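Step one of this worksheet: look at the structure below.
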Protein chains: 2
Amino acid sequence: MSLRIAPTRARDEVPTATVERLPVYLHVLDRLRAGGIATVSSAELAERSGVTSAKLRKDLSHLGSFGTRGVGYDVDFLHRSIADWLGVHEPLGVVIVGLGNLGHALATYRGFAGGGFRVVGLIDVDPDVVGRTVACGDESLTVRPVADLREVAASAQIGVIATPGSAAQDACDRLVAAGVTHLLSFAPRFLAVPPGVEVRAIDVGVELQILAFRQRQAAHEPGAVSA
Amino acid sequence: MSLRIAPTRARDEVPTATVERLPVYLHVLDRLRAGGIATVSSAELAERSGVTSAKLRKDLSHLGSFGTRGVGYDVDFLHRSIADWLGVHEPLGVVIVGLGNLGHALATYRGFAGGGFRVVGLIDVDPDVVGRTVACGDESLTVRPVADLREVAASAQIGVIATPGSAAQDACDRLVAAGVTHLLSFAPRFLAVPPGVEVRAIDVGVELQILAFRQRQAAHEPGAVSA
DNA sequence: TAGATTGTTAATCGATTAACAATC
DNA sequence: TAGATTGTTAATCGATTAACAATC
């Protein structure tokens, strides 16, 4: 194992678009490493990540210099460098609000365990759901009532909103009131939050509409605007 | 009801970024309309959509001219104009592969019904899951085995991949072989597809990593790259 | 050395923003 | 008319791309 020092740069100089691709590279490197691949070129890594090699090299150049000209990247070293730069070392606590099918899927999602996360709390309004245990990675958690949200959220850095749309803003408000500043929302609705709180929203309906548009466009269906 | 003619423009002249925001505007307009609001200004609509008013007006200007200076937009007219431009009139068929918790959540998602979609097929490998009926909007569908994928996919324009990551590429290949050209994937893995096939990937792990990075950045935790 | 591949440069491209003329 | 708000312009900003010098 090499003892190279990675000459990294400050986080806030790195473009947003680059930051949003780093987890993808990290994931691909993880799989390469698991497959016993020791070295990878920017062309290979880029293709497996779904980007161009120029973009990949440009992205990495914002963090520092990790490769060897004429050779490529040491998979393990590059993985460690990106992971360290992102700060994956100590896991963040995640609280999930809403344990319908989606919430369950998220709670049992293996990605939480692997990538520096730990589910620390599950909250639901339904008395039939409260009290159930859900296996989250290694440990099991009990679903707790909304009354416990504040207490549970105290040990969480990230909140996940998996409630029906009608309950999303309320869940959001409660999480924010409990001091959670970073939220991942699956609700089909724009969430109003105070300054300093960041929401990433995943709206399946919107994603489908975009895909549908492209599909119709590809099919050359006119679909003109009528009177 | 007005009989205004919307002077729209060709679809392929409209920027990608704009197209990807149109479904959001459409959704907000839908809610405004449901709330009995007849007129809305760009400032109001923009705020509810989470964008600036300048961006909203610029976006709409790519499709045509829908407002009235000094007044704002007629909610119903603007909604209809965007819906028509996107081509929401005739619903697209959706086939969902993988009916774990996530697949179930998607199958019962009301967004499918509302926004010009119709779930036409459910596919799973698990013999225990095959044969079950799932309520998708108005109608109930029976989960069918992978052997039926080709037949089911024939009436679908969009494929949704909700399998575990390890089965995602196989599901993708089968859908593509069946002629489905537009895919929405929830698998934490890059899917290789032939040219002409479009994949939108939603990776919860990646989303969380981005959020986690911002959280750690906001907390001013150094997390420097080590040797 | 010869071949390969990185890291960087500079040009291009697209998206955002602020300001305002047009006009209801 | 006076006030309000759109649609558009032009400037700015950020991201992508191609090409190549550096260097293993």
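Small disclaimer: the values here were computed from a predicted structure and weren't measured. Chain naming here is simple, since letters A, B, ... match the order of the sequence lines and numbering starts at 1 in each.
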Return the value, rounded to whole Å, for the distance between atom CZ of A:F66 and atom C1' of C:dT8.
-> 15 Å

Between A:A17 and A:G70, who's closer to the 5' end of DNA chain D by nearest nucleotide?
-> A:A17

Dot-bracket for DNA chain C, 5' to 3', with Watson-Crick and G-U pairs under 3.5 Å, [ ] for crossing pairs and | for other-strand pairs: what is it?
-> ..||||||||||||||||||||||

Of C:dT17, C:dT16, C:dT6, the nucleotide closest to the side chain of B:A54 is C:dT17

Would you please confirm or rule out a distance under 4.0 Å between OP1 or OP2 of C:dT16 and any side-chain N or O of B:R21?
-> yes

Using a 4.0 Å heavy-atom cut-off across all strands, classify A:T18 as base, sugar-phosphate, or nothing.
-> nothing

Ion pair check, B:E90 and B:R118, cut-off under 4.0 Å = no

With B:S42, the side chain to side chain donor-acceptor pair (under 3.5 Å) member among B:E47, B:R57, B:K55 = B:R57

Quickly work out the B:L60 CG to C:dT16 C1' distance and round it to whole Å.
-> 15 Å

Is the shortest distance from a Lys or Arg side-chain nitrogen in A:R80 or A:D84 to a carboxylate oxygen in the other one below 4.0 Å?
-> no

Assert: residue with more 5' nearest nucleotide on DNA chain D, out of A:T16 and B:S42, is B:S42

May I ask you to evaluate whether A:Y73 reaches the phosphate of C:dG7, defined as a side-chain N or O under 4.0 Å from OP1 or OP2?
-> yes

d(CD, B:E13; C1', C:dA15) in whole Å = 17 Å

For D:dT6, does OP1 or OP2 lie under 4.0 Å from any side-chain N or O of B:T68?
-> no

Side chain of B:K58 (C-beta onward), nearest among D:dG7, C:dT16, D:dA19 | C:dT16

Between atom CG in B:L63 and atom C1' in D:dT8, what is the gap in whole Å?
-> 15 Å

Rounded distance (Å) that lies between atom C1' of D:dA19 and atom NZ of A:K55 = 18 Å

Give the rounded distance in Å between these two atoms: CG of B:L78 and P of D:dT5.
-> 16 Å

Calculate the interatomic distance between B:E44 atom CD and D:dT6 atom P; express it in whole Å.
-> 11 Å

Donor-acceptor contact present, side-chain A:E13 to main-chain A:H62, <3.5 Å | no

What is the distance, rounded to the nearest whole Å, between atom CG of B:L56 and atom C1' of C:dT16?
-> 14 Å

Return no unless some side-chain N or O of B:S41 is found under 4.0 Å from OP1 or OP2 of D:dT5.
-> no

Check whether any side-chain heavy atom of B:V75 lies under 4.5 Å from a side-chain heavy atom of B:F77, and answer yes or no.
-> no

Minimum heavy-atom distance B:Q209-A:L86, with the two atoms named | OE1-CD1, 4.3 Å

Are the side chain of A:S49 and the backbone N or O of A:V51 linked by a donor-acceptor pair below 3.5 Å?
-> no

No-H, no-angle donor-acceptor pair, A:R69 side chain to C:dT5 base, under 3.5 Å | no

Considering only D:dT17, C:dG7, C:dA15, which nucleotide approaches the side chain of A:T52 most closely?
-> D:dT17

Do side-chain atoms of A:E198 reach the backbone of A:H182 as a donor and acceptor pair under 3.5 angstrom?
-> no

